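Comments concern the structure below.
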Amino acid sequence: MERLMQYVWQHRLWMPGDMQTVDGQRVEVLDPGLLNTDAGPDFFNAKVRIGSHEWAGNVEIHVRASDWVRHGHQADPAYDSIILHVVYRDDYRVHRADGSEVPQLVMACAPDLNEKYRAMVESATAEPPCAAQIPGLPQVYLTDWLSALAFERLEERARRMLDYARRSAFDWHEAIYIMLARGLGFSTNSDAFERLALALPLRYLLRHQNNIETIEGACFGMAGLLDGAKGGEDYEDRYIATLWREYKFFIAKYRLVPQASLGWRLARMRPQNFPHRRLGLLAQMVSDGFMLGYKLLSVRTLDEARSLFDCRPSYFWQTHYTFAPSNGRMVQTLSDSSVLSLIINVVVPVMFAYGIHQGQEEYRQRAIDLLEQIPAEDNKIVRSFTAAGVPCPDAFTSQAIIELRRNYCDKRKCLYCRIGHRYLAANAIRH
């Protein structure tokens with residue numbers, strides 16, 4: 001309720017008409033101030049006219065006036081600058097540390113605004129909480145919000161990439177390797193792949209790029225996937241023994257510390273999504289010289305981006321999902337949807353981050369152009385919004401929808417969503 005009151009004050013959504021303090025002085029809000037999300041008063045640098053006097057200072061908001069005492073503000077010098085106490089329920093007269101009384105205003109809100117707000121944030125997660133409001137939105141309004149969300153998500157991914165670059169002393173090949181590893185984990189094992197790449201530097205692996213067994217041994221050993229590995233008859237057993245030998249050689253040579261459990265998730269997963277084969281693909285790309293790091297920034301078209309992942313792992317991982325015996329049949333390395341996911345989650349943010357770092361708008365624009373060339377992702381989040389009337393022609397838009405769902409709907413941040421804001425603002429002034 002208090003957060004909703006802050007929202008009403010910030011956006012001037014109180015009921016129309018004259019406002020008065022509890023002792024009858026007319027209140028005019030000249031400037032609601034700046035919302036403070038840290039410790040201290042709720043709004044800084046507000047300007048209000050109370051009676052015939054104009055005041056500049058801070059504003060505090062509470063559901064009940066008595067919360068002032070419950071929160072200990074009466075003895076806190078940080079609240080001596082409060083010029084107005086805004087409340088929903090006037091059950092107490094508040095005073096500053098020096099004993100002076102703080103002017104108090106009962107803010108008039110639409111009677112059912114809180115119920116509408118609660119109904120929105122407490123809606124079931126199966127569909128957008130504002131599904132009923134979406135069809136009535138002007139198209140330009142929705143398009144602008146989705147564009148902002150797409151950039152918000154892209155900038156967050158770019159920040160991750162720039163963090164990898166900083167940790168690697170701006171060795172972009174090393175940073176791209178970490179980003180790719182995380183991407184190969186997709187949503188299920190992305191954290192585990194990231195931790196592995198951070199513990200197993202690319203520069204060490206590239207010293208053995210002509211020996212795929214050494215690279216695979218290092219990768220699978222450091223990943224902890226050799227622990228308890230059980231092969232089958234002859235072929236699998238010999239392969240596992242080779243990887244163990246190469247792994248022990250590798251960590252001894254570079255004095256690497258074997259990782260504790262990386263938290264691999266395998267339960268209820270289809271065999272083609274097991275991390276083993278994707279790790280085998282990463283090892284092969286390194287063995288081939290990790291050309292992704294050289295080619296990525298020159299990509300301009302979707303076909304060129306697809307070609308970055310035109311790679312087959314070693315023969316073992318072309319015929320196996322894990323270290324268990326295989327029937328010898330060839331299995332697909334990456335589906336087209338997986339390749340598109342890697343372009344969205346690796347190629348695009350790397351290019352965007354590089355553009356930010358170099359101050360070159362060309363790279364950022366090429367990243368956006370790539371997203372607009374990729375078909376919209378097909379998942380339950382996107383489908384729920386398209387069913388509610390949100391058009392989704394490409395991955396730029398589907399990324400925006402995913403950002404909206406995960407960082408606004410799921411976190412119940414309707415007050416910070418433009419759709420939620422428009423709905424609540426309309427209901428606040430309608431009465």
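Since this is a predicted model, take the numbers as computed values, not measurements.
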(message) Tell me if a side-chain donor or acceptor on Asn36 pairs with a main-chain N or O of Pro41 at a distance below 3.5 Å.
(response) yes
(message) Counting the benzene-type ring for Trp, do Tyr416 and Tyr7 have ring centres under 6.0 Å apart?
(response) no
(request) Could you check whether the rings of Phe352 and Phe151 sit parallel, tilted or perpendicular, using 30° and 60° as the cut-offs? (result) tilted
(message) Under 6.0 Å between ring centres: does that hold for His208 and Tyr254?
(response) yes
(request) Could you tell me whether Asp369 and Arg366 have a side-chain N and a carboxylate O separated by less than 4.0 Å? (result) no
(request) Please find out if less than 6.0 Å separates the ring center of Trp244 from that of Phe249. (result) no
(message) With heavy-atom distances below 4.5 Å as the criterion, would you say the side chains of Arg418 and Leu142 are in contact?
(response) no
(message) Taking atom OH as the centre, does Tyr204 end up with more than 12 heavy-atom neighbours from other residues, nucleotides or ligands that are less than 6.0 angstrom away?
(response) yes
(request) Inspect the contact between Asp191 and Arg182 and indicate whether a charged nitrogen and a carboxylate oxygen are less than 4.0 angstrom apart. (result) yes
(message) Taking CZ in Arg70 as the centre, count heavy atoms belonging to other residues, nucleotides or ligands within less than 6.0 Å. Is the count above 12?
(response) yes
(message) Just checking His62 against Tyr88, ring centres under 6.0 Å apart?
(response) no
(message) Closer than 4.0 angstrom, basic N to acidic O: yes or no for Arg364 and Glu155?
(response) no
(request) Before accepting this row, confirm whether a basic side-chain N of the pair Arg160/Asp163 lies closer than 4.0 Å to the acidic partner's carboxylate O. (result) no
